[in-house]
Q: 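Questions regarding the structure given below will be posed in turn.
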Amino acid sequence: MSTQTVSALPAVRTESPSPAPTRIGNATPAPSWLGTRVLPVGPQGFTAAQPTPPELRNRSIITVDELPPPADGRFHATVQAVPAGVLARSSWTKNCPIAAADLRYLTVTFRGFDGRAHTGELLANARVADDLVTVFGRLFAADFPIERMRISSAVELNAPSTGDANTTEVFACRPVRGRKGWSQHAYGLAVDLNPFQNPYQKGKVVLPELATAYLDRADARPGMAQPREQAVQAFAAIGWEWGGDYRSLKDYMHFSATGG
């Protein structure tokens with residue numbers, strides 16, 4: 001891993017994503033339908049889990065760059081106050097349980113499933129920003145693959161589910177799933193890592209709904225968080241707990257500073 005750099009320079013979002021090649025290593029472009037097929041909501045008010053499409057059973061998708069990748073292919077990070085434009089396209093509002101001044105805008109290098117170095121962005125609580133840079137630096141050094149890392153807007157968070165999302169992120173101003181209280185994501189104190197490879201399951205509820213093939217944790221595939229392996233160890237090293245250890249449900253994507 002290269003020496004970490006932390007600066008106040010804002011990342012510049014590219015005008016348009018770079019075109020995806022046909023294949024890079026074991027990674028291929030996303031299916032043309034990805035993110036477009038809205039799933040029906042059942043009579044109980046949630047979308048039922050469904051079999052994973054064949055194209056996603058061993059999901060390995062080429063990352064489309066939304067921020068300029070590092071020119072040297074090495075790990076870099078920036079930590080700064082949240083620029084107004086970034087805050088405006090996030091899910092933050094004055095009704096959220098954390099002040100904008102207590103959030104930080106991070107950019108970190110991550111390794112894609114295509115083996116290439118890419119630049120991701122995160123909003124996080126100021127008091128955990130440096131620890132998260134350390135975690136993602138370790139994951140990059142270990143070649144742990146991440147498909148996509150970006151900040152979601154309120155519109156995206158509240159959009160009808162397509163069951164195939166896979167964005168790694170920290171801040172999301174939303175309640176705990178199925179409850180009224182704030183999620184730790186709303187405080188910038190939790191990370192969802194590769195949600196498709198690491199789904200949430202409580203009874204018949206699976207999120208993302210098409211990620212059922214990844215409920216078989218004995219079938220180890222790239223991007224999965226597994227006990228005593230890179231991702232779980234990297235977060236444990238900063239004192240964060242893993243949702244894969246929960247007893248009443250499993251939230252394999254979820255890591256948090258508070259255990260909630």
Q: Do we get Arg59 above Phe113's six-membered ring, with its NZ or CZ under 6.0 Å from the centre and within 45° of the axis?
A: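 No; the conditions do not both hold, so Arg59 does not lie above the ring face of Phe113.
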
Q: Does the side chain of Pro31 reach to within under 4.5 Å of the side chain of Ile61, using non-hydrogen atoms?
A: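 They are in side-chain contact.
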
Q: Would you name the heavy atoms of Pro97 and Cys173 that are closest together and state the gap between them?
A: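 Of all heavy-atom pairs spanning Pro97 and Cys173, the closest is CD-SG, 4.2 Å.
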
Q: Given Phe140 and Val108, is the side-chain contact (heavy atoms from CB on, under 4.5 Å) satisfied, shown in steps?
A: CA-CA 9 Å; Phe140 183 80; Val108 297; over 6 Å; no

Q: How far apart are the C-alpha atoms of Phe144 and Phe110, what are their side-chain angles, what is the distance that settles it, and do they pass the side-chain contact (heavy atoms from CB on, under 4.5 Å) test?
A: CA-CA 8 Å; Phe144 183 89; Phe110 67 92; over 6 Å; no

Q: Is it the case that Ser256 and Gln184 place a side-chain donor and acceptor less than 3.5 Å from each other?
A: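 Checked: Ser256/Gln184 side chains show no N/O donor-acceptor pair below 3.5 Å.
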
Q: Could you report the tightest heavy-atom contact between Ser153 and Glu156, atom names first, then the distance?
A: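 Shortest heavy-atom contact: N-OE1, 2.8 Å.
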
Q: Is there a donor-acceptor pair closer than 3.5 Å between any side-chain N or O of Arg104 and the backbone N or O of Ala101?
A: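 Here the side-chain-to-backbone pair exists.
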
Q: Does Arg57 reach the main-chain N or O of Thr52 with its side chain, forming a donor-acceptor pair under 3.5 Å?
A: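 Yes; judged by distance alone, with no hydrogens or angles, the pair exists.
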
Q: Say whether Val232 and Leu193 are linked into one hydrophobic cluster, either directly or through other cluster members, by side-chain heavy-atom distances under 4.5 angstrom.
A: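 Result: yes, single cluster for both.
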
Q: What's the shortest heavy-atom distance between Asn194 and Pro145, and which atoms?
A: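 Closest pair (atom of Asn194, atom of Pro145, distance): ND2-O, 2.8 Å.
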
Q: Are Trp240 and Tyr187 linked, directly or through intermediate hydrophobic residues, by side-chain heavy-atom contacts shorter than 4.5 Å (ILVMFWY only)?
A: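 Yes: a chain of side-chain contacts under 4.5 Å links Tyr187 to Trp240.
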
Q: Does the side chain of Phe196 come within less than 4.5 Å of Tyr214's, by heavy atoms?
A: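 Sidechains of Phe196 and Tyr214: in contact.
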
Q: Relative to the ring of Phe235, is the ring of Phe255 parallel (under 30°), tilted (30 to 60°) or perpendicular (over 60°)?
A: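 Taking Phe235 first and then Phe255, their aromatic rings lie parallel (interplane angle under 30°).
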
Q: Which heavy-atom pair separates Gly163 from Glu209 by the least distance, and what is that distance?
A: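 Minimum heavy-atom contact is CA-OE1, 3.2 Å.
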
Q: Quick one: OG1 on Thr22 to CD1 on Ile62, what's the gap to the nearest 0.5 Å?
A: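 If I round to the nearest 0.5 Å, the distance is 7.5 Å.
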
Q: Would a distance-only check, ignoring hydrogens and angles, find a side-chain to backbone donor-acceptor pair under 3.5 Å from Asn198 to Gly223?
A: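 Pair found, side chain donor or acceptor close to backbone of Gly223.
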
Q: Only one of Glu169, Arg150, Met149, Glu66 passes side-chain contact (heavy atoms from CB on, under 4.5 Å) with Glu121; say which it is.
A: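 By the side-chain contact (heavy atoms from CB on, under 4.5 Å) criterion, Glu121 pairs with just one of Glu169, Arg150, Met149, Glu66: Arg150.
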
Q: Would Leu39 and Val206 show up in the same hydrophobic cluster when neighbours are defined by side-chain heavy atoms closer than 4.5 Å?
A: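 Per the 4.5 Å side-chain linkage, Leu39 and Val206 are not co-clustered.
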
Q: Identify whether Leu207 and Leu249 are in the same connected component of the hydrophobic contact network (ILVMFWY, side-chain heavy atoms under 4.5 Å).
A: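 Yes: a chain of side-chain contacts under 4.5 Å links Leu207 to Leu249.
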
Q: Distance check, rounded to the nearest 0.5 Å: Leu123 atom CG versus Ser90 atom OG?
A: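 That separation rounds to 5.5 Å.
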
Q: Using 0.5 Å steps for rounding, measure from the CG atom of Asn95 to the CH2 atom of Trp182.
A: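 Nearest 0.5 Å value for the CG-CH2 distance: 7.0 Å.
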
Q: Taking Asp102 for the side chain and Gly188 for the main chain, is one N or O donor matched with an acceptor at less than 3.5 Å?
A: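 Pair absent, no side-chain N/O of Asp102 close to backbone of Gly188.
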
Q: Among Thr168, Thr63, Asn166, which one satisfies side chain to side chain donor-acceptor pair (under 3.5 Å) with Glu147?
A: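 Exactly one option meets the side chain to side chain donor-acceptor pair (under 3.5 Å) with Glu147, and it is Asn166.
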
Q: I want to check something: taking the side chain as every heavy atom from C-beta on, are Arg174 and His185 in contact at a cut-off of under 4.5 Å?
A: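 Of all side-chain heavy-atom pairs linking His185 with Arg174, at least one is under 4.5 Å.
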
Q: Where the side chain of Arg127 meets the backbone of Ala129, is there a donor-acceptor pair that is under 3.5 Å apart?
A: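 Side chain of Arg127 to backbone of Ala129: no pair is present.
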
Q: Got a donor-acceptor contact below 3.5 angstrom from the Thr167 side chain to the Arg148 backbone?
A: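 No; zero donor-acceptor contacts below 3.5 Å.
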
Q: When you compare the side chain of Tyr200 with that of Asp192, does any pair of heavy atoms fall below 4.5 Å?
A: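 A side-chain contact is absent here, since even the closest heavy-atom pair is not under 4.5 Å.
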
Q: Hey, is the main chain of Arg23 close enough, under 3.5 Å, to the side chain of Thr28 for a donor-acceptor pair?
A: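 No; judged by distance alone, with no hydrogens or angles, the pair does not exist.
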
Q: Begin with the C-alpha distance, continue with both residues' side-chain angles, and end with the deciding distance and a verdict on side-chain contact (heavy atoms from CB on, under 4.5 Å) for Thr162 and Thr36.
A: CA-CA 6 Å; Thr162 58; Thr36 66; 6.0 Å; no

Q: Please report the shortest heavy-atom distance between Ser91 and Phe171, naming the atom on each side.
A: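 Here Ser91 and Phe171 meet closest at OG-CE2, 3.5 Å.
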
Q: Find the distance between CG (Leu215) and OH (Tyr252) and round it off to the nearest 0.5 Å.
A: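 Separation between the atoms: 7.0 Å.
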
Q: Taking atom CG of Asn26 as the centre, report whether more than 12 heavy atoms of other residues, nucleotides or ligands fall under 6.0 Å from it.
A: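 Incorrect, the count does not exceed 12.
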
Q: Atom OG1 of Thr134 and atom CG of Leu139: how far apart are they, to the nearest 0.5 Å?
A: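 Atom-to-atom, Thr134:OG1 and Leu139:CG are 11.0 Å apart.
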
Q: Given Ile151, which of Val86, Val170, Leu106, Leu122 fulfils the side-chain contact (heavy atoms from CB on, under 4.5 Å) condition?
A: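 Exactly one pass, corresponding to Val86.
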
Q: Check for a donor-acceptor pair, side chain of Trp242 on one end and backbone N or O of Ala236 on the other, with a separation under 3.5 Å.
A: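 Looks like no, no N/O pair under 3.5 Å.
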
Q: Is Val79 reachable from Phe75 through a run of I, L, V, M, F, W or Y residues, each pair having side-chain heavy atoms under 4.5 Å apart?
A: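 Yes, Phe75 and Val79 fall within the same hydrophobic cluster.
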
Q: Going from NE2 on His118 to CZ on Arg111, what distance comes out if it is rounded to the nearest 0.5 angstrom?
A: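 Interatomic distance, His118 NE2 to Arg111 CZ, rounded to 0.5 Å: 8.5 Å.
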
Q: Could you tell me whether the side chain of Arg217 and the main chain of Ala225 form a donor-acceptor pair under 3.5 Å?
A: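 Yes, because the side chain of Arg217 sits within donor-acceptor range (under 3.5 Å) of the backbone of Ala225.
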
Q: Which heavy atom of Pro69 sits nearest to which heavy atom of Ala117, and what is that distance?
A: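 What the structure gives for the nearest pair is CB-O, 3.5 Å.
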
